[in-house]
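Encoded as structure tokens, the structure appears first; notes follow it.
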Amino acid sequence: MATIRQAINETIERVRIPTPTRLRDLIRQIRAARTAAEERAVVNRECAYIRSTFREEDSVWRCRNIAKLLYIHMLGYPAHFGQLECLKLTASPRFTDKRIGYLGAMLLLDERQDVHLLITNCLKNDLNSPTQFVVGLALCTLGAIASPEMARDLAGEVEKLMRSPNAYIRKKAALCAFRIIKRVPELMEIFLPATRSLLNEKNHGILIAGVTLITEMCEKSSDTLNHFKKIVPNLVRILKNLILAGYSPEHDVSGVSDPFLQVKILRLLRILGHNDPDASEAMNDILAQVATNTETSKNVGNTILYETVLSIMDIKSEGGLRVLAVNILGRFLLNSDKNIRYVALNTLLRTVHADISAVQRHRTTILECLKDPDVSIRRRAMELSFALINSQNIRAMSKELLVFLEKADPEFKAQCSSRMVHVAERYATSIRWRLDTLLSVLIAAGNYVRDDVVSSTIHLILNSPPEEQAYIGLRLWSSVHNVANSEEKQPLLQVAVWTIGEYGDLLLSSERIEEHQLVDIYQRLLWSTSVSTTTKQYALVSLVKLSTRIRTKEEETRAKQMIEAFGSHLNIDLQQRGVEFAQLFRDYSHLRPALLEKMPKIQKTLPNGTDAEGGGFDDQQPTIDLIEGGDDGDSSLMINTSGGMVGKMGSDSRALLDLLGGGDDPIDGLALTPTADVLISGSTTATTNGKSVVGGAPLPPTTGNNQDLLDLLGSLDMPASTPPAAVNSSLGASTPVLGGIGLDLNSLNDNSIKNGTGGPNLLANSSSFGGLDNLLNSNLSPTTMPTTMPAMLPGLGSPLGSGLGSLTSPTSPTGLVSTNGTTGSLFSDFSAAVINNNDEHAKLLTALDKNGILVQLSAKHTGGALQILMTATNNSLTTLEQYLFQAAVPRSFSLQMLSPSGSTLPPGGTITQEMRVTSTAKATLRMRLRISYQSDGNPVQEQTEVSGFPEEPTE
């Protein structure tokens, strides 16, 4: 009776309320709209009607209105106002209402909406429904919108349904469990017992769902992966049955039995067999059967074969099986479908390291793919071709790749040219072949060449033998002179002009090129508007170098005129080069040949300091190592000529040159004093180039990696100095010398070094010591010192002495030596004089006040010398590390420094260091300072100059 009454009421409501538009009619109206405005008008009108029915609690047409609202949502219009109505439909006892309600919940609800929590109870009720289709709806909805909280609440219900006798529900429950584990991996253990039983099903739908669930579990947890390795025989059995099974209309797809299940099983086998020899051994046979029995005429078979190849390459398979997999990919390369060819190339590129010899058999096919019209296939073929190059096929592969490079799209040329340079450097059979290859790359790639190709080519030419330099010079000349549109190949022009300028004499000696032809090329390039600024920079430097290689005055004058013309160029860089190079012709013509000589060979070095070319630096070259103060403040100036040098001169040489300043500086020729101690130690035998030298025995002239520094500093003539006293070369190990003194290099000239007369007595003799005995107005007491010191000073002759005046290093307090307990050592009155900033007779000068660091100098005359106390105070909130204070004075002064009190400045902390300055001539003292430290790991360096020191009192 109640059902009849409800039916009568619904009929009355339908008569009373007008019938809403059907979904198909709404779709027809929206599609009939000619403009977006008309479409929006139709949608807005329908949404307004749907809202009004929701307010009136219209339960009769709610299902139809939600269906229309879902279509409007699919078009991109807002439909959030229908969320609660969807929940009402899911609670309806009618299946049609539940179906639309759950569909709307999946589309309109997510875990960001609080409304979605209200559906949890409804889902739980429907999961226990006796109707399988209602249970299926609930499982699908739970898998789609489950939040972590909802998944934890309902995971137990899903696990129960996985054991249901209904195959439809078991399949849906397994898929829902897969979604839950993907969302909340820690719930995996709940489903483990019920999962393994899914593989015993005969229903393919349940099998696919079970394999998918196990795959997800194995990918999420290594423990679960080990647990499921026991099921490999079961999977092999299922896959074998699929292969050997006859025709089954229910599962057949293009003649293949259930390819979807086969692909799922193969993927799970790949995961289970990865890095597991036992599991791999169990699946080798079945993989071979799949690879040989699968039909390749249809795309379905290719899909299975592709998954089989991936499995073979990822497990510990046999060598023959890997060859079979590569051959399958080779057949894919011959397929007419470009998607299959791309997949084959991509897979070969990923697996080429596993068996490169098998991939080499398909090299011809891979090279043919370089001509494919599809850009993606060409890119993968190019990458795979470079991966296949080795020392045996480098010539053939390079020839094909050069043809590809010449015709390739611009997007390929930069990468291809760089890769060509790399493989040519790695596998080149000869220098000439490598030079020819790089030249071909420059010609084929044009302006798309990267900078690394230009630098690599120049580096190769620089390190080549002279005959190869002449050969490549002629080829580059021919390329620039004869190649059409050479301006469109700027990198080629840059390499060509560099080579012609550097080795113009070799080109001219071949008698194939006249001098005027070389200069004509430069004139054409420099005046051309299509040549880039960078190329003109190369050309200007090259032309000024070429001016020293040509012999006729007429062509040299032409080169000079072209260079001078750039002195008024609009580009500031070219203008600067023109002005400076023109000055070389006018004011420094006598220096031009030396300044513009050929570059020396340069070795590429790796970050670990080894030679990239396979060789090393010359271990027999002597070097000078400046190892500056460490944390203990007791570092040394090490002058070492043995083969086992430390090799830190580079950075310190640059610091030395920077501190000395340029030639125009009024304080040029300063005496640098780094905060380091003079280390003169060792036995009486010094090792030089593997030979033993005793005492002050003569040393052969040697040159080091830092000889450029000595040559630069020695550009001034050596001032006249008193000849050193003759020294007996057979001095023993106990020769009296000065203890703890700074070394005055003014007294060491070329003759004293070359003739081996720079023995210890050289330092003890006042005439050869440059008046250092009168420097401190104190008697110099001899002390015992090893005699290896003269043998440790090759190369420190007039170049360094003339450029510096004196090079001294502060001596640590522990190095002050006094004989017989006397106080007559060099620094006796220096160490006794204690200066502080509160001394009323001292003058306080602020050297630096920047970034929270305050450096002050307290200067006071005492004992015939100027005593200076440096105090560095850290007023910042950051700890300053590796604090280093360096000072330089004019050559008319002599400077000695003690070691600093430390090298770390905490906030509010101080570091002090004492200095002593004596004057050898009447002059005003100016001091150039360099202060460096690290703040928060960032290096900071400040340089300043201080004057205003107190004058020496006159008696």
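Worth knowing before you read on, the calculation uses all heavy atoms, side chains too, and leaves out hydrogens, waters and symmetry mates.
Salt-bridge formation is not detected for the pair Arg341/Glu368: no Lys NZ or Arg NE/NH1/NH2 atom is positioned less than 4.0 Å from an Asp or Glu carboxylate oxygen. A salt bridge links Glu383 to Arg380: at least one charged side-chain nitrogen sits closer than 4.0 Å to a carboxylate oxygen. Using a 4.0 Å cut-off between charged side-chain N and carboxylate O, Asp372 and Lys338 make no salt bridge.
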Decide salt bridge (charged side-chain N to carboxylate O under 4.0 Å, His left out) for Lys182 and Glu216; before the verdict, give the C-alpha distance in whole Å, the side-chain angles of both, and the deciding distance to 0.1 Å. CA-CA 7 Å; Lys182 199 168 186 178; Glu216 181 67 21; 5.2 Å; no

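A distance-only check finds no donor-acceptor pair linking the side chain of Ser221 to the backbone of Met217 [under 3.5 Å]. Between the Arg270 side chain and the Ile315 main chain, no donor and acceptor come within less than 3.5 Å of each other. A donor-acceptor contact shorter than 3.5 Å is absent between the side chain of Asn335 and the backbone of Arg331.
To the nearest 0.5 Å, the span separating CE on Met382 from SG on Cys369 amounts to 13.5 Å. Distance check: Arg379 CZ to Leu370 CG gives 12.5 Å after rounding to the nearest 0.5 Å. One distance of note links CD1 of Ile206 with CD1 of Ile169; it measures 10.5 Å at 0.5 Å rounding.
Considering Thr90, Thr131, Asp126 in turn, Asp126 is the only one that fulfils the side chain to side chain donor-acceptor pair (under 3.5 Å) rule with Lys98. For the side chain to side chain donor-acceptor pair (under 3.5 Å) with Tyr77, the lone residue among Arg40, Glu39, Glu46 that qualifies is Glu39.
Remark: Arg378 fails to qualify as a cation-pi partner of Phe412 under the 6.0 Å distance and 45° angle criteria applied to the six-membered ring.
Side-chain atoms of Val309 and Leu324, non-hydrogen and from C-beta on, never get closer than 4.5 Å to each other. Under the 4.5 Å side-chain criterion, counting only non-hydrogen atoms from C-beta, Phe332 is in contact with Leu305.
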